[in-house]
Amino acid sequence: MQPKSTTLKILDIVSVLLLAVSTYLALIYAPEEATMGQVQRVFYFHIATAWVGMLGFLAAAVAGIVYLRAQNPKWDIVEVAAVEISLVFFFITIVLGSIWARPVWNTWWTWDPRLTTAAITELIYIAYFMLREGIEDPDRRARFGAVYTLVGSLSVPITFFSIRLFRTIHPVVIGSADPSATGTFDMTGGMQVAFFFALFAFTVIFIDLFWNRIRMGNLAAKVEQLKLKVMH
Amino acid sequence: MFLQDAPPDTSSYMIAGYVVFFLVTAIYLFSFFVRSHNLKQDLNALENMKEESAPPPAREETKAAAPKPKAKSTASKAKSKPRQAKKKVTKK
Amino acid sequence: MVTKSARLSKSVTERSTSPNLFKATLAIAWKDLTAEYRSRELFSAMLVFSLLVILIFNFALELDIKTRQSVTSGVIWVTFAFAGTLGLNRSMAVEKDRGCLDGLLLAPVDRAAIYFGKVISNLAFMLIVEIVVLPVYSFLYSINLFNPGLLAVILLGSIGYIAVGTLLASMAVQTRTRDVLLPILLFPVAIPVLIAAVKASGGFLNGDEFSMILPWINLLIVYDIIFVAIAFMVFDYVVEE
């Protein structure tokens with residue numbers, strides 16, 4: 001395995017710095033929101049982690065399609081990396097959203113389209129890893145993984161749409177179920193700085209993690225190949 | 001509900017949120033390093049195994065190389081034997 | 001068993017002479033249906049299972065007259081989804097265990113024919129079970145389920161469910177954990193179908209206006225088209241050796 005390239009090392013350091021600055025902006029620099037109080041500060045990281053989750057989701061879908069067309073194992077590694085990062089960050093998003101919802105909507109969980117879709121996406125990702133777990137042949141594992149990613153990435157938008165349809169047709173039972181009704185706020189200058197900086201910082205963090213994870217995937221593939229060589 | 005002037009004190013939720021974020025991130029990074037470390041160890045172990053299992057071909061090489069001196073020595077023996085024989089003959 | 005394999009090989013040679021996609025699809029579906037007609041193991045398992053699920057729901061939800069009205073569509077779709085998973089898993093596992101899948105793959109037919117053939121036979125099993133379950137449910141709970149709209153929704157929902165299910169089942173049977181894997185793979189991606197089918201069925205049962213139900217039917221149609229097309233395109237990768 002080649003040692004980390006200098007670019008990646010620099011990116012690692014930049015990511016940590018950006019995370020620190022972003023935390024400072026979100027926790028201290030941004031003004032306190034008038035109606036929700038301090039908990040609104042969770043919002044910056046909530047959206048930013050959701051953004052990373054989305055990036056991972058899209059990257060996984062693209063990698064899956066490219067893998068099926070090109071049949072090159074390196075796209076399988078990219079796909080796994082994207083799914084794993086998306087899994088972790090959507091998990092954080094859901095927990096942060098839940099913590100935010102408790103004081104604002106007075107409930108830990110609402111069956112809101114975004115929340116529910118994120119939760120279903122998590123389940124699809126877990127199913128994805130269980131599917132891969134059950135297959136020994138690396139080639140077949142990659143093919144099945146790509147097919148399932150493709151099916152999942154088509155089904156998730158439809159799920160989101162159908163839950164939204166469910167909510168708009170169905171009368172809203174709890175008055176606060178719609179996030180556009182309660183929990184909205186106008187972002188002032190300081191908030192906007194914190195918000196957009198968080199988005200930027202987490203994009204860089206995503207690239208850094210993605211890169212590192214792909215490197216690890218390459219290493220794992222190498223180990224697997226060597227294992228096969230040594231065993232036979 | 002939110003019409004009161006002072007914002008409700010929700011800082012405990014905020015702290016909980018950021019604690020969760022950093023905790024999960026830390027766990028993920030830790031698992032990342034552990035997996036990466038294990039893979040590197042595996043790689044090293046496998047490379048060692050490969051080197052250990054590599055010697056058979058190497059030994060074969062030495063074997064293949066060894067016959068030559070043997071052949072030489074036998075050749076020299078064969079050469080020397082006639083000489084000896086010659087010597088013997090001359091002695092006789 | 002011998003006659004079966006002989007018959008299979010015969011049909012394989014027949015197919016090789018007529019590699020028409022449509023004919024091959026029908027031949028594969030026909031093979032499944034006749035095999036099932038003789039054994040009836042899949043059908044009886046799905047049917048008994050469905051009836052048991054309905055029975056359990058009766059006690060779990062206390063299906064009195066008021067609740068019945070609101071939960072019927074949910075109960076029947078949960079029943080169909082579970083029975084469908086059972087059928088899909090079994091139908092693909094049988095194919096794999098008896099080596100029929102390998103035989104089919106060796107046969108000079110388009111892989112798409114295998115997919116569509118399996119979809120048709122799986123769909124037929126699911127629809128037959130549904131046709132039996134619906135009157136039983138109507139009888140047990142005195143709710144009239146014979147509504148043409150409802151039947152159309154059941155058809156559309158079953159098509160979508162089976163289209164994805166057949167693709168995922170053919171992956172699941174090739175893994176180590178195949179018995180438990182199919183529902184885990186299938187349910188999260190089949191959620192749009194289940195939501196739309198439950199809402200549309202509920203709409204028809206409550207006698208809602210058609211304009212209220214139409215979005216759900218559209219959603220079902222869109223889902224069916226997208227997933228039949230996608231499964232058709234990627235099925236090659238799933239059965240490739």
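Numbered from 1 within each chain, the chains take letters A, B, ... in sequence-line order. Both backbone and side-chain heavy atoms feed into the values below; hydrogens, waters and symmetry mates do not.
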Q) Are any non-hydrogen side-chain atoms of A:Thr7 and A:Trp211 less than 4.5 angstrom apart? A) yes
Q: Answer with side chain, backbone, both or neither: which region of B:Phe32 has an atom nearer than 4.5 Å to a non-hydrogen atom of chain A?
A: both
Q | Region of A:Val223 that comes under 4.5 Å of a non-hydrogen atom in chain B | A | both
Q: Tell me, for B:Leu29 versus chain A, whether the close heavy atoms (under 4.5 Å) come from the side chain, the backbone, both or neither.
A: side chain
(Q) Please report the interatomic distance OG1(A:Thr23) to CZ(B:Phe21), rounded to the nearest 0.5 Å. (A) 6.5 Å
Q) With under 30° as parallel and over 60° as perpendicular, where do the rings of A:Phe90 and A:Tyr125 fit, or are they tilted in between? A) parallel
Q) When only pairs under 4.5 Å are counted, which of A:Thr49, A:Leu19, A:Leu27 shares the most heavy-atom pairs with chain B? A) A:Leu27
Q: Tell me, out of A:Val95, A:Asn212, A:Ile99, who's got the most heavy-atom pairs with chain B below 4.5 Å.
A: A:Ile99
Q: Return yes if some donor-acceptor pair links the side-chain N/O of A:Asp208 with the main-chain N/O of A:Val204 below 3.5 Å, else return no.
A: no
Q) Parallel, tilted or perpendicular: which describes the rings of A:Phe202 and A:Phe89, with under 30° parallel and over 60° perpendicular? A) perpendicular
